[in-house]
Amino acid sequence: MKITSKFDPSKIEKKWYQYYLDNNLFDSYVDPKKKAYTILIPPPNVTGALHMGHMLNNTLQDILIRRARLLGYNACWVPGTDHASIATEAKVVKWLEEKGISKSNLTREQFIDYAWQWTKKYGGKILDQLQKIGCSCDWKRTKFTLDESLSASVIDVFIDLYNKGLIYKGYRMVHWDPQAQTTLSDEEVQYEEIKGKLYYLNYPIKGSPKYLTIATTRPETILGDTALCVHPQDRRYASFVGKTAIVPIANREIPIISDSYVDKEFGTGCLKVTPAHDPNDKELGEKHQLEFLDIFNQDGTLNALGLHYENQDRFVVRHKIIEELTKLGKLVKAENYTTNVGKSERTRAIIEPKVSEQWFLKMEELAQPALKAVLEEDIKLYPKKFLNTYKYWMENIRDWNISRQLWWGHRIPVYYYGKNKDSFVVAKSKTQALKKAQEISKNPSLRESDLTQDPDVLDTWFSSWLWPISVFDGIRKPQNPEINYYYPTTALVTGPDILFFWVARMIVSGFEFREEKPFHNVFLTGLVRDHLGRKMSKQLGNSPDPNNLIGTYGADGVRVGLMLSTSAGNDLLFNEKLCRQGKNFSNKIWNAFRLIKSWNGNAITQPTKAQLQALYWFENRFFQALGQINLAFERYRISDALMITYKLVWEDYCSWFLEIIKPKYGAPISSEVVDKVKELFEKLIRIMHPFMPFITEEINSQLIKKAPTLIHATWPESAEFDANCLDNFHLVKQIITGFRNLRKQHNIPFTSPLRVHQIAPVASKNEPLIYLDLFGDCIEKIGYLTMDTSKPEPQEGLTLSVDTFRFWIAHISNQNRTPSPKKNIGDSKEAIRNYLRGLIASSQSDEEKHFIKKTENEFFRLHSFLDSIESKLKNTRFLENAPVSIIKREKEKKVDTQKKIQQLIQDIKEF
RNA sequence: GGGUACUUAGCUCAGUUUGGUUCAGAGCACUUGGUUUACACCCAAGGGGUCAGGGGUUCGAAUCCCUUAGUACCCACCA
């Protein structure tokens with residue numbers, strides 16, 4: 001591959017992903033010798049297209065799984081998709097409509113057939129997209145919730161729970177989605193504030209000229225009214241209780257009852273009761289044994305009870321009925337009113353509360369172990385703040401409505417054999433059902449054709465709550481080695497929006513069917529929002545296309561961009577700029593690689609002191625950072641781990657370390673140094689690999705090849721580090737930065753940029769502790785800073801070469817004004833001050849005086865800066881803790897630094 | 001209506017468990033200077049914050065307590 005300065009990720013991404021697949025590198029097999037690290041993908045909807053939320057989730061999972069692999073675990077990431085009954089069925093219906101086929105003209109079998117066609121054609125695309133961002137799933141294990149084994153598990157579980165008496169059939173006020181024509185669970189309903197009207201209507205009283213006024217937001221439901229209700233202590237209405245009111249339009253007679261449920265303050269204090277269409281009214285209705293009048297068809301139009309409004313939509317009727325009531329003089333007034341209206345999460349249709357017959361799962365008992373496990377932190381939630389919400393929900397859990405009036409999904413294994421609603425059996429198959437039915441009904445002449453299976457399917461979550469068990473076929477085969485090995489899984493990574501839908505229920509099922517938690521850790525990511533804080537949605541069009549992102553920034557770049565902004569558990573305000581940062585980082589790494597690769601080390605050249613020093617320092621810095629990274633991973637603070645890595649690589653490795661190591665152009669470099677530099681780089685590559693699998697893999701293949709691929713590599717081992725050395729280097733940085741700052745302030749022009757070419761502190765007390773050649777090629781122009789601690793006596797400040805000082809002056813003024821005196825005026829502060837005063841005294845103009853004064857200030861500023869760090873530096877010994885081998889070589893190669901400095905000073909003088 | 005959090009630099013967020021050696025931090029953005037031979041997708045330097053407002057406890061508060069304001073999420077939904 002041709003090396004270019006700009007890193008082009010597209011080719012290597014394809015190349016490496018294909019290589020991984022061809023060599024089955026993501027596969028995992030039961031291996032008792034290794035510890036398992038298991039992650040199950042939260043199965044995306046089979047209809048789904050990859051969106052930013054998936055990108056975030058799955059990148060996190062991939063980072064965890066790749067790191068686990070490096071740590072030597074048997075890492076297993078199981079992918080798969082969810083059949084998502086409502087969402088998929090809706091899509092299939094739409095697809096068929098486009099083809100001119102109506103669902104109502106199809107038999108169930110035909111429809112299911114089409115649904116499978118659709119699924120096979122368009123479904124599961126999302127898994128291909130996951131491959132593009134580098135997800136290292138064990139693709140051979142890919143599961144679908146409608147797979148045979150998973151479906152069979154669902155049916156087994158239904159039967160089991162039914163036999164335990166936990167599943168029952170009941171009439172409930174359910175959320176009815178008139179568009180999808182199915183019930184929804186509480187969780188599938190979203191409330192929205194809608195501006196509507198509160199209508200005040202008069203109900204005549206039978207046998208009296210008086211009337212009662214009620215307030216309602218839903219006037220169309222008056223046709224289903226079966227009572228009026230007032231508060232028992234409400235004196236205004238006491239005389240009405242027990243009388244009969246007449247429903248306008250319908251002219252039906254209904255009782256006037258009293259119940260303390262009614263709020264005297266709201267509206268008129270008089271409530272119309274519609275038991276079939278309001279959850280609270282339903283309770284009132286049951287309590288007072290009122291009639292239930294269901295006035296709606298399944299599609300939200302009115303039925304025969306709607307009289308002349310039959311077959312008209314509920315919202316159309318609302319307007320018409322108000323017109324009619326106005327004509328009849330029953331409408332008192334209409335106030336503007338804001339009300340919360342429930343909408344279907346899937347179809348956005350306004351929910352109709354409806355009493356209907358449904359299957360339920362009793363939850364209270366089941367929830368107990370699941371509650372306990374989380375409260376006792378047997379299962380850990382990250383971040384912890386979700387614990388309270390979880391607790392509250394589990395303590396107030398309601399029975400789970402598990403039936404859905406759809407075709408796409410797991411059909412409820414209930415078979416009716418008689419006309420009576422209770423004449424049913426629960427069985428795995430029709431054949432078995434027949435046997436049972438024959439036994440129970442004591443009617444051996446029953447035939448299969450006499451059996452009708454319940455038309456409903458199960459809630460999608462009723463299959464996905466078994467996911468951790470059923471992907472390893474642990475429901476049907478509890479002793480399956482697979483499930484015993486991989487279960488409980490290590491971590492679950494998902495969004496907090498499905499904490500109850502899914503996470504809580506998986507915990508419940510885990511304890512119920514395996515008596516063991518399904519996972520150790522739950523990592524809840526934030527929701528992905530745009531940079532304005534809005535949710536990403538198709539309507540807003542603010543969700544970037546992942547494919548484009550990958551194309552523009554590379555998979556590694558996008559991964560880094562996403563991870564940079566995911567502080568644990570907070571929503572993520574996604575900004576494409578972050579991907580650019582990720583891409584820039586890739587490029588930086590690539591160029592560091594190019595630099596290192598270009599070095600041809602030779603055995604003759606000796607390492608410089610600065611190089612040895614830098615090697616020693618960076619190694620320690622690496623281990624410091626590694627410890628921090630490991631800790632961040634343990635706490636699931638992935639973005640922290642990445643940021644530490646990012647700074648380690650960019651700042652420490654590239655900006656400081658490589659700049660010190662780098663020889664002057666064309667100068668030789670010791671092969672020993674090159675080897676060590678590569679070795680350190682290779683360590684960095686390994687810790688970067690989980691974040692940026694592709695670029696690291698490519699570099700590994702070109703540079704070191706220690707392991708055939710990074711899938712085979714190991715995570716670097718932790719080690720103690722020399723904190724003292726890090727402190728010392730920090731000081732060196734401060735000095736250098738200080739000088740750069742001064743240079744910048746004085747706008748001193750340089751023909752070449754400022755670099756640190758030498759940092760050569762040495763061990764012996766008899767040598768200058770540190771000297772900095774700050775200016776590389778421009779050495780003759782600037783000179784040196786020396787800090788000479790060879791003198792036993794404590795010094796006043798640091799020794800600064802006067803020639804250096806002169807040079808400063810020269811440059812601060814301008815090129816023409818190089819000071820003439822070349823005599824040594826002494827290095828002490830006093831001497832310099834005297835010298836300056838002399839200059840001021842003899843200066844010709846005010847301008848020059850001013851200039852010198854200014855220079856003096858600057859000089860002493862520099863001086864006090866150096867003073868401030870001098871005390872710290874005095875006792876610093878950079879090599880004190882260096883490995884013996886380095887010290888040895890250091891001694892062998894010892895240069896008389898002082899001599900060298902004097903030589904250089906001499907050079908400057910001559911200049 | 002009930003509950004849980006949150007408010008720190010222009011932006012996104014660490015730091016609050018256990019008050020004091022990270023106490024005012026990071027990344028990005030910004031300003032200035034710079035094409036050198038890894039990288040301008042770059043290098044170097046710099047500016048920026050009464051830690052939401054107010055009060056209290058303390059020798060000492062971003063951190064603990066009270067209070068006000070604002071924001072987010074969860075739960076329940078009143079006709």
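Reminder, nothing fancy here: chain letters follow the sequence lines and each chain counts from 1. Since the model is a prediction, treat every value here as computed from it, not as a measurement.
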Can you check whether A:Phe593 and A:Phe681 have ring centres sitting under 6.0 Å from each other?
no
So what does [X] touch, heavy atoms closer than 4.0 Å: a base, only the sugar-phosphate, or nothing?
X        : value
A:Asp263 : base
A:Gly554 : nothing
A:Asp278 : sugar-phosphate
A:Trp650 : sugar-phosphate
A:Val273 : nothing
A:Asn280 : sugar-phosphate
A:Leu271 : base

Does a nitrogen or oxygen in the side chain of [X] sit under 4.0 Å from OP1 or OP2 of [N]?
X        : N      : answer
A:Lys588 : B:rC43 : yes
A:Asn587 : B:rC39 : no
A:Lys662 : B:rA38 : yes
A:Thr389 : B:rC73 : no

Just the rounded figure in Å: distance from [atom2] of [N] to [atom1] of [X].
X        : N      : atom1 : atom2 : result
A:Glu283 : B:rA79 : CD    : P     : 16 Å
A:Leu595 : B:rC42 : CG    : C1'   : 13 Å
A:Lys384 : B:rC74 : NZ    : C1'   : 20 Å
A:Ile660 : B:rA38 : CD1   : C1'   : 16 Å
A:Ile661 : B:rA38 : CD1   : C1'   : 15 Å
A:Phe585 : B:rC42 : CZ    : C1'   : 15 Å
A:Asn575 : B:rG10 : CG    : C1'   : 14 Å
A:Arg218 : B:rC78 : CZ    : P     : 10 Å

Aromatic rings A:Trp650 and A:Phe585: how do their planes relate, parallel, tilted or perpendicular, breaks at 30° and 60°?
parallel
Of the candidate nucleotides [options], which contains the atom at the shortest distance from the side chain of [X]?
X        : options                : result
A:Phe266 : B:rU4, B:rA79, B:rA38  : B:rA79
A:Asn584 : B:rU12, B:rC41, B:rC78 : B:rC41
A:Arg529 : B:rC43, B:rC39, B:rC73 : B:rC73
A:Lys583 : B:rU4, B:rC78, B:rC41  : B:rC41

With sequence neighbours excluded, what pairs up with A:Glu576 under the side-chain hydrogen bond (donor to acceptor under 3.5 Å, both in side chains) test?
A:Tyr553
Qualifying residues under side-chain hydrogen bond (donor to acceptor under 3.5 Å, both in side chains), relative to A:Thr605, sequence neighbours excluded
A:Asn602
Derivation of the ring-ring contact (aromatic ring centres under 6.0 Å, His included) call for A:Tyr390 and A:Phe386
CA-CA 6 Å; A:Tyr390 180 86; A:Phe386 290 105; over 10 Å; no
Using atom [atom1] of each nucleotide, how far apart are [N] and [M] to the nearest Å?
N      : M      : atom1 : result
B:rU68 : B:rG1  : P     : 15 Å
B:rU8  : B:rU22 : C1'   : 15 Å
B:rC28 : B:rA72 : C1'   : 24 Å
B:rU4  : B:rG10 : P     : 32 Å
B:rA14 : B:rG25 : C1'   : 7 Å
B:rU32 : B:rG48 : C1'   : 15 Å
B:rG49 : B:rA29 : C1'   : 16 Å
B:rG70 : B:rC65 : P     : 22 Å

Nearest 0.5 angstrom please: A:Arg621 CZ to A:Glu651 CD, how far?
8.0 Å
With no hydrogens and no angle check, do the side chains of A:Ser10 and A:Asp8 hold a donor and an acceptor under 3.5 Å apart?
yes
Any side-chain donor near an acceptor of the partner, A:Glu335 and A:Tyr200, under 3.5 Å
yes
Minimum heavy-atom separation for A:Lys662 to A:Trp599, with atom names?
CA-CZ2, 3.8 Å
Considering residues at least two apart in sequence or located in another chain, which fulfil the side-chain contact (heavy atoms from CB on, under 4.5 Å) criterion with A:Ile498?
A:Trp461, A:Thr494, A:Phe501, A:Trp502
Salt-bridge present (A:Asp294, A:Lys354; N to O < 4.0 Å):
yes
Would you say the side chain of A:Glu659 and the base of B:rA44 hold a donor-acceptor pair, judged only by whether the two atoms sit under 3.5 Å apart?
no
What N/O pairs connect the protein and nucleotides 23-29 of chain B at under 3.5 Å? Give each pair on its own line.
residue	atom	partner	partner atom	Å
B:rA26	O2'	A:Lys647	NZ	3.3
B:rG27	O2'	A:Gln581	NE2	2.9

Looking at the angle O4'-C1'-N9-C4 for a purine or O4'-C1'-N1-C2 for a pyrimidine, is [N] syn or anti, with syn meaning within 90° of 0?
N      : value
B:rU4  : anti
B:rG48 : syn
B:rU16 : anti

Quick one: which of A:Glu220, A:Glu352, A:His277 gives a side chain to side chain donor-acceptor pair (under 3.5 Å) with A:Arg314?
A:Glu352
Does A:Trp599 or A:Leu572 map to a spot on RNA chain B nearer the 5' end, using the closest nucleotide for each?
A:Leu572
With sequence neighbours excluded, give me every salt bridge (Lys or Arg N to Asp or Glu O under 4.0 Å) pair touching residues 271-283 of chain A.
A:Asp225-A:Lys272, A:Lys282-A:Glu286
List RNA chain B stems (3 or more consecutive Watson-Crick/G-U pairs, under 3.5 Å)?
B:1-7 with B:69-75, B:10-13 with B:25-28, B:30-34 with B:42-46, B:52-56 with B:64-68
